[in-house]
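To keep things clear, I will list the structure first and then write my remarks on it.
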Amino acid sequence: MEHVDVAIIGGGPAGASAAERAAYHDAETVLFEQGVPREDRAEAGPDSTDAAGMLDYWIDIMDFEFEEIPDEVVHRELDGTDFVGPSSSVELNTTGMDATYQKFGYTFHRARMDDWLHERAIDAGADLRVGTSVKSIDTDLSGPSHTLALSSGDEVEAEYVVLADGPQRRVTLDALDQFTKPGSSISEQLSPPKANHIAYQEYREFPEELFESDRLKFWWGYMPGETAYPWVFPNDGTVARVGLTMPIGMTLDDIDNPESYKLLKATDDGIPSGSEYIRRLLELEYGDEYDIEEDFPIVEDRGKSRGTETYPISSTRPVESPVGANIAVAGGAMGTTSAFHEGGYHVAVRTGKIAGRLAATDSLGNYNDVWKRAIGDEIRRNVAFADIVADYEPDDWDRAFETVREMQGSSGGDSIISKKYSAGIGAAKILAAYKKRKFAYRNGNYVQFSEDEYIY
Ligand SMILES: Cc1cc2nc3c(=O)[nH]c(=O)nc-3n(C[C@H](O)[C@H](O)[C@H](O)COP(=O)(O)OP(=O)(O)OC[C@H]3O[C@@H](n4cnc5c(N)ncnc54)[C@H](O)[C@@H]3O)c2cc1C
């Protein structure tokens, strides 16, 4: 049987970054990526779950410099973002965070970014096997060592394993269940329908006069469900990605006030599909002056299926890894994608880098501490915000946006969390709720499954 030092399952941003760092530190490293076809990629590659917006300070979290990212990766540099509520809106022109990169953020070509990370890993000496998926992992704790069963029928033995198979966790759940008890197992807590949202998106050509090349746009309180919202991200030319995120398995019976949501109709007999939601959003925003299908055509040479894509997206809090078994979980599989804003590329890259380096240097035992030091503040902020808005209904979004507008007016700036609030009781309430949640999640309390719950 083939033996390697470090085996990595999944070639998204987490896995590719892990492979690059492990190989850089002289470990014999192999990465398995099942390989997924896309309309905009010549050969199958990583499953480039897309939308692809990056904020200024996320570049620092990734531990990259903007200048080293190839030009063809970046679509649009951004000046800000617009949040639209049912009858209010707010503009943010700064994230309010310290950042090396001076713009608000940028949108990027996700497949090209993933390919660049693959090139870096190959250049560092990693062996990337795209087109081979891992079916299962069997861990022998006496080593510890791991036997990976591959789709080719072969087996590979590895001293260390980095699980980076994304939010579906097709390998991760069983691999971690080796060390958890029935009743409190990882797969019960992170089963995909419970732990994930669904994200749907289309690539649409916009009329030139409506295309905003330097802003992201989000609509909150338009559709029901925790962390359910549509958005528009500018791409190249006048093409934008129009998409949404929503919970899996929600029914109309789960909604208290269906009539308060602009994207629901009294005649609905179920929750609309992603594509229907998008059609309704475009109709609502532009339908009085434009014919949506004719003036906003779907661009069919992108995405996974003729200009459209549907993906799972993890919406949990992160899990710690069973480092005693020489296993690290990174990125979406670990639950680092934010349930608040669904951003996760930056934390996937960073946790992957850390996992790869520590595995290669025989110090994986420190992984849970090191990733918390690197991204703990970001996770804590996101988890606290997600909690605050979890039960928000349309009116709550309007109230929150009005408060932010007042804060902007009174503080003379436009960041949400870093300015002193002097906008009255609304602002004080939001700030108090945020501080309370953040305090509750201090010392790593945001983790969903901790290291000491694993049984070796
Ligand atoms: C619609 C949508 C919009 C998003 N928008 C943004 C955004 O704007 N900004 C942002 O920062 N983040 C965004 N995210 C989140 C971001 O995409 C994820 O956080 C990130 O992709 C996680 O990276 P990962 O490497 O952990 O997992 P993934 O990117 O999911 O990669 C996992 C890889 O593992 C492979 N794989 C799975 N199982 C196996 C197996 N058994 N064997 C071999 N290979 C396997 C898959 O093919 C895939 O390539 C968005 C996600 C979605 C779905």
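Atoms within a ligand are numbered from 1 in the order they appear, just like the ligands themselves.
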Worksheet item: Does a side-chain heavy-atom distance below 4.5 Å link Arg241 with Thr107?
Response: yes
Discussion item. Just to be sure I'm reading this right: ignoring hydrogens, which of Met54, Arg129, Arg110 gets closest to atom 21 (O) of ligand 1? Compare them by their nearest heavy atoms.
Written reply: Arg110
Worksheet item: Counting from 1, what ligand 1 atoms have a heavy atom of Thr337 closer than 4.0 Å?
Response: 15 (C), 18 (C), 19 (O)
Item to complete: Using heavy-atom distances, let me know which of Ala333, Ala330, Gly166, Gly12 sits nearest atom 27 (O) of ligand 1.
Response: Gly166
Worksheet item: Does Pro13 reach ligand 1, in the sense of a heavy atom lying below 4.0 Å from it?
Response: yes
Item to complete: Give yes if a backbone or side-chain nitrogen or oxygen of Val36 is under 3.5 Å from a nitrogen or oxygen of ligand 1, and no if not.
Response: no
Identify every side-chain donor-acceptor pair in residues 216-226 under 3.5 Å, counting partners at least two apart or on other chains, and give the distances.
residue: Trp219; atom: NE1; partner: Glu285; partner atom: OE2; Å: 3.4

Worksheet item: For the side chain of Asp114 and the backbone of Pro46, is there at least one donor-acceptor N/O pair under 3.5 Å apart?
Response: no
Table please: side-chain donor-acceptor pairs of residues 353-360 below 3.5 Å, with sequence neighbours left out.
residue: Lys353; atom: NZ; partner: Met62; partner atom: O; Å: 3.0
residue: Lys353; atom: NZ; partner: Asp63; partner atom: O; Å: 3.2

Discussion item. Salt bridge check, Glu276 against Arg279: does any charged N sit closer than 4.0 Å to a carboxylate O?
Written reply: yes
Worksheet item: Does ligand 1 have any atom sitting under 4.0 Å from a heavy atom of Pro167?
Response: yes
Discussion item. Taking only non-hydrogen atoms of Tyr200, do any sit less than 4.0 angstrom from ligand 1?
Written reply: no
Worksheet entry | Numbered atoms and elements of ligand 1 in range of Asp47, under 4.0 angstrom, heavy atoms | 46 (C), 47 (O), 48 (C), 49 (O)
Item to complete: Indicate the ring-plane relationship of Tyr454 and Phe179, choosing parallel, tilted or perpendicular according to the 30° and 60° boundaries.
Response: perpendicular
Practice prompt. Considering the heavy atoms of Tyr345, write down every atom of ligand 1 situated less than 4.0 Å from one of them.
Written response: 10 (C), 11 (O), 12 (N), 19 (O)
